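What you are looking at is a predicted structure, and each value in this text was computed from that prediction instead of being measured.
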Amino acid sequence: MRSMRAVKRGATNRTLAKVRGKDRWNPQEPVVMIAPNSGREPFPEHPIVSKTVIVVDDSRLSRMHVRGMILRSQPDWTVIEAGNSDELFARLAESDIQIAIIDFNMPGANGIEAATRLRAERPEIDLAIITANGQDSVVAGIRALGAAFMPKPLDEQQVMRFLASTNLPKRRRTAP
């Protein structure tokens, strides 16, 4: 397929329409994506299904800010809030949560401790930890959990990229 070879990483629907030789982009037409440098045939883009996200932060204002970012990019998703790790695990028992965004600095169990327990109980949940603390040891602890690190102040594009990454096939985790 000549047109698929021309698709580059980060191509938008409009550039795909140009590559396909069409004058206009049709939002009804399915978009075909290929993994960069994979050498494989293209695969249809997986539709984004409705998901439930929990935002855990002791600051109500921060939770509202993250909620707004999520709902601006994914208006059909459900966002649940928790003020600490105890509330996180109470909400976890009540809802089918697929994504957790957890603040690092909270009273009681910090974000890494809460994420470690969450990973042990529900390994399928996609995790991101947000923090203004960018020390190497903190970032290393976040990465060791297989969680995304998102520095404060949060950038909406970064949150959107994390949410989009939750739709990708999961990588196999290798033993350390």
Side-chain angles (χ1 to χ4, degrees), residues 9 31 33 35-36 38 43-176:
R9 183 179 187 167
V31 176
M33 304 294 287
S38 68
F43 55 91
E45 181 179 16
H46 297 286
I48 298 178
V49 296
S50 182
K51 293 189 176 189
T52 301
V53 182
I54 188 160
V55 178
V56 186
D57 196 322
D58 59 319
S59 166
R60 185 169 188 264
L61 184 61
S62 291
R63 290 193 312 263
M64 290 170 50
H65 180 63
V66 174
R67 171 192 278 275
M69 283 191 249
I70 294 167
L71 293 177
R72 275 192 294 279
S73 69
Q74 302 296 338
D76 59 331
W77 287 16
T78 302
V79 180
I80 298 171
E81 297 181 19
N84 56 44
S85 63
D86 293 335
E87 287 182 34
L88 162 66
F89 291 101
R91 301 280 191 293
L92 194 63
E94 301 167 357
S95 303
D96 182 29
I97 296 169
Q98 292 89 24
I99 303 168
I101 300 175
I102 305 171
D103 183 33
F104 172 74
N105 194 11
M106 295 185 296
N110 69 32
I112 291 180
E113 293 165 349
T116 301
R117 181 177 163 200
L118 182 59
R119 179 68 75 205
E121 291 183 18
R122 300 271 302 274
E124 74 280 2
I125 291 180
D126 291 295
L127 292 173
I129 298 180
I130 55 177
T131 181
N133 185 346
Q135 294 176 351
D136 291 340
S137 60
V138 172
V139 175
I142 293 169
R143 298 276 189 234
L145 282 170
F149 166 70
M150 293 197 295
K152 284 184 176 180
L154 286 176
D155 175 28
E156 191 157 348
Q157 291 295 320
Q158 184 178 23
V159 173
M160 290 173 56
R161 282 191 303 270
F162 168 69
L163 296 175
S165 75
T166 65
N167 287 314
L168 298 173
K170 303 294 182 228
R171 292 183 184 172
R172 286 188 198 167
R173 296 187 79 193
T174 57

Could you grab the distance from atom [atom1] of [X] to atom [atom2] of [Y], nearest 0.5 Å is fine?
X    : Y    : atom1 : atom2 : answer
T116 : L145 : OG1   : CG    : 4.0 Å
W77  : Q98  : CH2   : CD    : 8.5 Å
F162 : I130 : CZ    : CD1   : 10.5 Å
D58  : N110 : CG    : CG    : 11.5 Å
S85  : R117 : OG    : CZ    : 7.0 Å
I101 : M150 : CD1   : CE    : 4.5 Å

[X] side-chain N/O to [Y] backbone N/O, donor-acceptor pair under 3.5 Å:
X   : Y   : value
E87 : N84 : no
R91 : I54 : no
K51 : Q74 : no
S95 : I97 : no

Contact summary for [X] and [Y], nearest pair of heavy atoms:
X    : Y    : answer
A82  : L88  : CB-N, 3.7 Å
I142 : A148 : CG2-O, 3.7 Å
F149 : N133 : CE1-O, 4.2 Å
V138 : I112 : O-CD1, 3.8 Å
I125 : R119 : O-NH1, 3.0 Å
A115 : I129 : CB-CD1, 3.8 Å

Self-check item: Side chain to side chain, Q158 and P151, heavy atoms closer than 4.5 Å
Solution: yes
Quiz item: Tell me, do D103 and S59 make a side-chain contact under 4.5 Å, heavy atoms counted?
Solution: no
Practice problem: Identify whether the distance between the nearest side-chain nitrogen and carboxylate oxygen of R122 and D96 falls below 4.0 Å. | Solution: yes
Self-check item: Verdict with supporting geometry, T166 and V53, side-chain contact (heavy atoms from CB on, under 4.5 Å)
Solution: CA-CA 11 Å; T166 65; V53 182; over 6 Å; no
Self-check item: Residues forming a side-chain hydrogen bond (donor to acceptor under 3.5 Å, both in side chains) with E81, sequence neighbours excluded
Solution: R63, R67
